[in-house]
Structures are given as C-alpha cells and as structure tokens.
Amino acid sequence: GRSMAVFTSGGDSQGMNSAVRSVVRMGIYLGCKVYFIYEGYQGMCDGGENIREADWNLVSDIIQRGGTIIGSARCKDFREKEGRLKACFNLIEKDITNLVCIGGDGSLTGANTFRQEWPSLVKELLQQGKISKEKAEKCGNIQIVGLVGSIDNDFCGTDMTIGTDTALQRIIEAVDAVMATAQSHQRAFVIEVMGRHCGYLGLVAALASEADFCFIPEWPPPTNWREILCAKLHHTRSTGNRLNIIIVAEGAIDREGKPITVEIVRDVIKNTLHYDTRATVLGHVQRGGNPSAFDRLLGCRMGAEAVLALMEMTPESEPCVVSIDGNQMVRVPLMECVARTQAVQKAMDGKEWELAVKLRGRS
Ligand code: ATP
C-alpha cells in the first residue's frame with residue numbers, strides 16, 4: 001500500500017478532528033500506511049517525533065472534540081526553500097508521497113508550491129548524498145489533496161468549510177444568552193463576530209438571531225448609515241420591542257474602507273438614541289466547543305473522499321480540494337480555488353464589493 005500523511009495547518013476549526021479520523025481510517029481500510037504530522041508545516045520541517053504512524057484506535061474518541069488533536073501552527077521555515085527541503089527529506093525518510101493538507105488558503109498555497117518544487121528538492125537531496133538513488137526514484141513525485149478547515153467560510157469552491165457551522169452555533173448561543181439580559185434591561189447589544197475578510201458568519205448569524213442590523217466587509221453601508229441604523233432601532237422599539245441586537249463582523253468597513261467597530265456602533269446608538277448599549281466581542285469562544293453534527297459529517301465525508309482521490313492520482317494529477325457542492329463531495333482544482341479566493345480579496349481591497357460577492361458565488 002501507499003504511505004500517506006495528514007496534517008492540520010493555519011487557524012484551527014471544529015471538525016478538523018473528524019477529518020483527521022476519517023483520513024486515517026479510510027487510509028488503513030484501503031491498505032495504506034497513514035502518518036500524522038504534528039504541528040502543521042513546523043512538524044514537517046522539524047521531522048523526528050513530529051511524524052508518527054497513526055493507527056485505528058489513536059483516532060477513537062476525537063470526533064466530538066473541537067480544535068485539532070495533532071496540533072496546528074503557523075510556520076516561517078516552510079515559506080523558505082531551505083525549510084521545504086528539510087520537509088521533503090523528512091517525508092522521504094518514511095516513503096510518504098501522499099499528503100492530505102487540512103487548512104486555509106495559505107496552507108493550500110504552500111502545499112501547491114511544495115508539490116511543484118518536489119522533483120527539484122529530491123534531486124538536491126540526492127546530489128547532497130542525503131538519500132539513495134532508489135529512494136529518489138521511488139519518491140520522485142508527491143500527490144496532494146486539500147480540505148478546507150476554516151470557521152469563516154471564506155474559501156471559494158466549496159459551499160461550506162469545516163468549522164463554519166459550529167462557529168455559527170456558538171454565535172447563536174451567545175446572542176441568545178445576551179438577549180435575556182437585553183430584554184430585562186431594555187438594552188441594545190452590539191456583538192462582534194469573526195470574519196476579517198468574509199461576512200458569512202455575521203450575515204447568517206444576524207438572520208438566525210433576528211438581529212436588527214449587521215455590518216459585513218462585503219457590504220459597506222451607505223454613508224448615512226448612522227441615521228439609517230438609528231431610525232431602524234427606534235422603529236423596532238416603537239413597535240414594542242425591549243431590546244436591539246446588532247451584529248458586526250470583525251472586518252466590517254465603511255465606504256471609505258475605514259473600520260466599523262463595535263465601539264463605534266455602540267457610541268452612535270448611545271449618543272443618538274441614549275439607549276443603554278453594550279459592546280461584546282465574542283472572540284475565540286467561536287472556535288471552541290464541540291463540533292456540530294454537520295461539521296462532524298462534513299469532516300468525515302471530506303476525509304474519506306480525500307483518500308479516494310489520492311488513490312486515483314497519478315504523478316501528473318494536479319492537486320485538488322475536496323469540497324461540498326449541493327451536498328455532494330466533489331474534487332475541484334486546488335489552484336483555481338486559491339486563485340479565486342485571492343481574487344475576491346483583491347476586489348475587496350479595490351473597493352469592488354459587487355465583484356467580490358460575484359466571484360465568491362458559483363462560477
Ligand atoms: P487561516 O484561514 O486560518 O488563516 P491559512 O492556511 O490561510 O489558514 P496561513 O497562516 O496563511 O493560514 O498559512 C498557514 C501556513 O502555511 C503558514 O504559516 C506557512 O507555513 C504556510 N504557507 C502559507 N502561505 C505559504 C506560501 N505562499 N508558501 C509556502 N508556505 C505557505
């Protein structure tokens with residue numbers, strides 16, 4: 001059987017463990033040797049104990065846990081060729097030529113670079129006398145499949161990323177919790193949720209929690225947003241409501257590109273309407289807790305599909321991302337998705353918000 005390794009990289013998200021479990025078990029089921037790479041690319045560069053063989057039972061009792069049991073990291077070394085040469089050596093030592101990378105667009109970009117460079121890295125190791133000719137021949141190419149783990153749902157090419165649904169659950173629980181106190185004291189709550197470049201969590205949380213207003217990066221409000229906001233809140237109160245909920249995505253901006261923060265919104269409401277107004281930043285709570293059933297299943301399905309994809313790949317195959325499209329697992333070209341994700345960011349940086357939203361939708 002083949003040797004494959006699975007690692008998690010970049011920000012953690014709930015459901016990554018389910019994906020890791022699924023890769024390990026599907027791999028073993030199909031007769032492969034499966035390795036864990038601990039601490040993302042850092043573990044790949046450092047080698048040693050960071051690369052260890054997995055077995056069936058090691059992934060028991062993890063499907064319900066948040067985060068990632070094999071650790072994640074941001075790694076400077078892997079951005080340099082020197083680091084990738086070390087990583088290549090550490091993988092070849094164990095005959096690993098198949099990788100499942102679970103991470104965001106940065107991690108997947110790194111994986112793609114690594115694959116393109118691989119033959120030349122192998123050549124260099126051979127010339128340095130670090131590996132034998134047989135090894136070099138046996139491990140001349142590497143196959144890569146990506147899975148997107150991110151709470152932000154910020155990746156083009158998949159309907160959902162692993163972790164988004166659970167993060168939404170955490171947000172909704174928190175909003176429900178403050179609504180009780182808001183109701184009692186007739187307060188307005190301005191709540192910041194994650195999403196530096198992507199307003200998905202903010203928008204969907206606002207819909208699901210019956211919020212009065214939301215601010216997201218893709219939809220900077222009209223310049224008179226202060227008046228529009230206050231008129232809306234005033235109207236809500238005048239119809240008998242005792243509270244207001246306003247959701248602000250971390251990356252929310254106005255039309256000039258200046259940040260709209262929870263403090264700014266709170267002060268607008270306080271100073272104009274004189275409501276008792278509180279700002280709450282949910283922060284890392286959103287990454288925490290047990291994964292939802294949806295994220296467990298998503299990780300499970302994506303992990304299994306990733307292994308099937310690796311088994312079918314040849315040295316010529318381009319890397320792919322396993323994504324969910326209309327509740328089906330599909331394989332899409334990795335670099336196309338990364339390029340589209342980066343194009344969205346470029347459009348947003350250029351204040352072309354409509355283009356950004358269009359690019360993020362289906363092609
Ligand atoms: P998140 O969505 O949580 O930010 P991400 O995967 O986009 O996840 P990054 O910090 O961008 O997070 O990337 C994670 C790691 O991937 C980096 O620390 C680095 O080791 C590697 N990496 C990212 N971009 C590249 C690149 N262009 N070349 C090589 N390695 C990269």
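The chain is numbered in sequence order, starting from 1. Every number for a ligand or one of its atoms is a count from 1 in the order of the listing.
- Atom 15 (C) of ligand 1 has as its closest protein heavy atom S9 OG, 3.7 Å.
- Closest to atom 3 (O) of ligand 1, if we only count protein heavy atoms, is G11 N, 2.9 Å.
- Atom 14 (C) of ligand 1 has its closest protein heavy atom at S107 OG, 3.4 Å.
- Comparing heavy-atom distances from atom 12 (O) of ligand 1 across R74, R84, E117, H197 singles out R74 as nearest.
- Of all protein heavy atoms, the one closest to atom 27 (N) of ligand 1 is T109 CG2, 3.8 Å.
- Protein heavy atom closest to atom 23 (C) of ligand 1, with residue, atom name and distance, is G106 O, 3.1 Å.
- Taking a cutoff of 4.0 Å between a charged side-chain nitrogen and a carboxylate oxygen, R360 and E218 qualify as a salt bridge.
- Among F36, Y38, Y41, the single residue meeting the ring-ring contact (aromatic ring centres under 6.0 Å, His included) criterion with F7 is Y41.
- Taking any N or O of K76, backbone or side chain, none lies under 3.5 Å from an N or O belonging to ligand 1.
- Residue-ligand proximity: S150 is placed with every non-hydrogen atom at 4.0 Å or more from ligand 1.
- What sits closest to atom 20 (O) of ligand 1 on the protein, heavy atoms only, is C75 O, 2.6 Å.
- Backbone and side-chain nitrogen or oxygen atoms of G104 are examined, and one is located within less than 3.5 angstrom of a nitrogen or oxygen of ligand 1.
- Nearest non-hydrogen protein atom to atom 31 (C) of ligand 1 is G110 CA, 3.7 Å.
- Note on M302 and V23: same hydrophobic cluster, where clusters join Ile, Leu, Val, Met, Phe, Trp and Tyr whose side-chain heavy atoms are under 4.5 Å apart, directly or indirectly.
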